[in-house]
Number of protein chains: 2
Amino acid sequence: MASDHTRTSILAAAERLYADRGFGDVTLRDIVAAANVNLAAVNYHFGSKDELIAELFVTRSIATNRERLHELKMAEEQGGGRAPIEVILHALVGPTLRGCLGPENQRSTAARFMIRASIESVPPIRRIKNREIDHLRKFVGAMRRSLPDRSDVEIYWGLNFALAMAHHTIRESERLTKLSEGKCDLDDVEDVVARVVSVATMALTMGKTETKARALARDVR
Amino acid sequence: MASDHTRTSILAAAERLYADRGFGDVTLRDIVAAANVNLAAVNYHFGSKDELIAELFVTRSIATNRERLHELKMAEEQGGGRAPIEVILHALVGPTLRGCLGPENQRSTAARFMIRASIESVPPIRRIKNREIDHLRKFVGAMRRSLPDRSDVEIYWGLNFALAMAHHTIRESERLTKLSEGKCDLDDVEDVVARVVSVATMALTMGKTETKARALARDVR
DNA sequence: TTGCAATTCAAACAGTTGTATGAAACTATC
DNA sequence: GATAGTTTCATACAACTGTTTGAATTGCAA
């Protein structure tokens with residue numbers, strides 16, 4: 001296998017081009033030109049264009065998932081097998097948000113690639129995302145342990161909404177900036193994380209049918 | 001202009017095909033075959049493939065937006081120019097959710113097309129979405145009137161999260177169903193709407209830095 | 001009917017795409 | 001230094017894409 005040089009250049013060039021210009025208008029020829037390798041190299045090393053994209057995406061996904069699970073594990077160990085819901089949610093959405101938000105010019109290629117993947121959602125990537133469920137189940141488990149009196153349905157909805165807020169904010173960050181005329185500071189990543197976690201926590205700790213008044217009655221008790 | 005017959009068939013066939021198979025693998029030739037018209041008809045009547053897609057999308061967008069604004073206007077008139085935040089949020093996310101969720105087999109072609117548009121997000125559609133900001137500003141205005149003591153930043157974040165939950169739930173409805181093993185009933189549309197509205201309302205009425213306790217202290221007063 | 005515009009049609013165009021091929025160059029082993 | 005295996009390379013392929021063309025057809029008004 002000599003010196004992965006060609007393989008590596010292709011991966012780097014592809015990730016950068018996809019991040020910059022999207023999957024739609026980057027061809028294999030663009031990639032091999034940027035990587036200074038031969039056109040046939042892509043098919044030789046990766047089999048096909050789709051497999052190249054898939055490899056890029058799984059690499060980054062695995063990294064993010066590992067980060068998530070590490071945060072989760074730490075939190076549960078520290079809490080004796082039961083972590084506060086805020087901390088679990090933080091482990092769930094923190095890594096992604098931290099990777100994809102922040103000042104544009106210092107956003108990594110990897111992050112920009114993942115944003116693209118989230119926006120354009122090309123077939124090989126969608127296939128992989130469908131297998132992400134097992135990973136989410138680990139969070140469901142932790143959330144159940146953290147909130148033993150909440151029903152499963154509420155847990156699932158809370159998880160869904162947490163991911164919704166995180167992903168949508170990444171994906172539509174430009175629009176939110178424009179709409180708010182800069183008043184929403186998406187470069188302050190920790191603030192964004194805190195907001196998402198805070199709202200998701202509320203969603204999970206107050207039942208959906210409870211009015212504010214009823215919630216008060218219970219909590220004041 | 002004779003009898004729009006050709007134009008209409010193309011629109012109908014295109015919407016159905018895109019809804020069923022996505023933008024990625026539907027070609028003009030597929031469309032004209034399904035519509036029983038000549039290949040050149042698309043360019044004759046619409047100018048280009050992208051303009052056809054754009055026309056499909058704006059038509060449906062306008063319909064949804066009109067529905068939203070109608071609900072909003074009703075609510076504000078009834079409340080003397082100031083509607084409860086729950087009702088405003090209901091007007092914001094209700095039409096879309098109602099259009100795109102519900103039993104699969106009775107989901108309209110239009111709805112399925114809009115789900116595709118939300119998942120695949122092809123260039124001509126993205127261009128149009130960027131002009132949707134003016135429409136959202138009307139909701140910002142209503143929300144400001146409804147919650148005069150909330151800062152603009154909080155309003156924008158609340159709006160962002162409400163849209164996030166609605167759109168993500170539509171887009172990932174299959175995954176949520178699978179993850180929850182059917183426990184989350186996405187066919188019960190009004191329940192979904194209520195959940196989204198409820199959480200968004202909480203996000204908007206409780207400040208992000210407020211702990212639950214502090215919120216209680218204020219509300220109990 | 002005649003004339004004129006709008007529409008339809010078959011066919012071809014021009015370009016791009018991902019992939020395959022088979023020879024050439026390289027690398028490491030014996 | 002010959003050999004076997006890996007990697008690179010130029011090139012061609014085959015298919016598909018959206019779009020254009022110019023002639024044929026249609027529909028309507030004068």
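All chains are named by letter (A, B, ...) in the order of the sequence lines, taking the proteins before the strands, and each is independently numbered beginning at 1. Worth knowing before you read on, the calculation uses all heavy atoms, side chains too, and leaves out hydrogens, waters and symmetry mates.
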Inset, instruction - Check for a donor-acceptor pair, side chain of B:R68 on one end and backbone N or O of B:A91 on the other, with a separation under 3.5 Å. - result: no
Specify the separation, in whole Å, of atom [atom1] of [X] and atom [atom2] of [N].
X	N	atom1	atom2	result
A:N36	D:dC9	CG	C1'	14 Å
A:E51	C:dT19	CD	C1'	12 Å
A:R7	D:dT6	CZ	C1'	15 Å
B:Y44	D:dT21	OH	P	15 Å

Inset, instruction - Using the side-chain hydrogen bond (donor to acceptor under 3.5 Å, both in side chains) rule, collect all pairs that involve residues 31-50 of chain A, keeping only residues at least two apart or in two chains. - result: A:S48-A:E51
Legend entry - Side-chain N or O of B:T6 closer than 4.0 Å to phosphate OP1/OP2 of C:dT8: yes
Inset, instruction - Taking only the side-chain nitrogens and oxygens of B:H45, find out if one of them lies under 4.0 Å from OP1 or OP2 of C:dT8. - result: yes
Legend entry - B:V37: partners by side chain to side chain contact (heavy atoms under 4.5 Å, CB included), with sequence neighbours left out: B:T6, B:I10, B:V32, B:A35, B:A41
Inset, instruction - Check side chain to side chain contact (heavy atoms under 4.5 Å, CB included) between A:V58 and all other residues, then give those that pass, not counting sequence neighbours. - result: A:I128
Inset, instruction - Tell me, please, which residues at least two apart from B:E132 pass salt bridge (Lys or Arg N to Asp or Glu O under 4.0 Å). - result: A:R175
Between side-chain atoms of residues 114-124 of chain B and protein atoms elsewhere (two or more places apart, or another chain), which donor-acceptor pairs fall under 3.5 Å?
| from | atom 1 | to | atom 2 | distance (Å) |
| --- | --- | --- | --- | --- |
| B:R116 | NE | B:A19 | O | 3.1 |
| B:R116 | NH1 | B:E120 | OE2 | 3.3 |
| B:R116 | NH2 | B:D20 | O | 3.0 |
| B:E120 | OE1 | B:F23 | N | 3.0 |
| B:E120 | OE1 | B:G24 | N | 3.4 |
| B:S121 | OG | B:R126 | NE | 3.2 |

Inset, instruction - Starting at the 5' end of nucleotides 11-18 of chain C, put B wherever the base has a protein heavy atom under 4.0 Å, S where only the sugar-phosphate does, and a dash everywhere else. - result: -B----BB
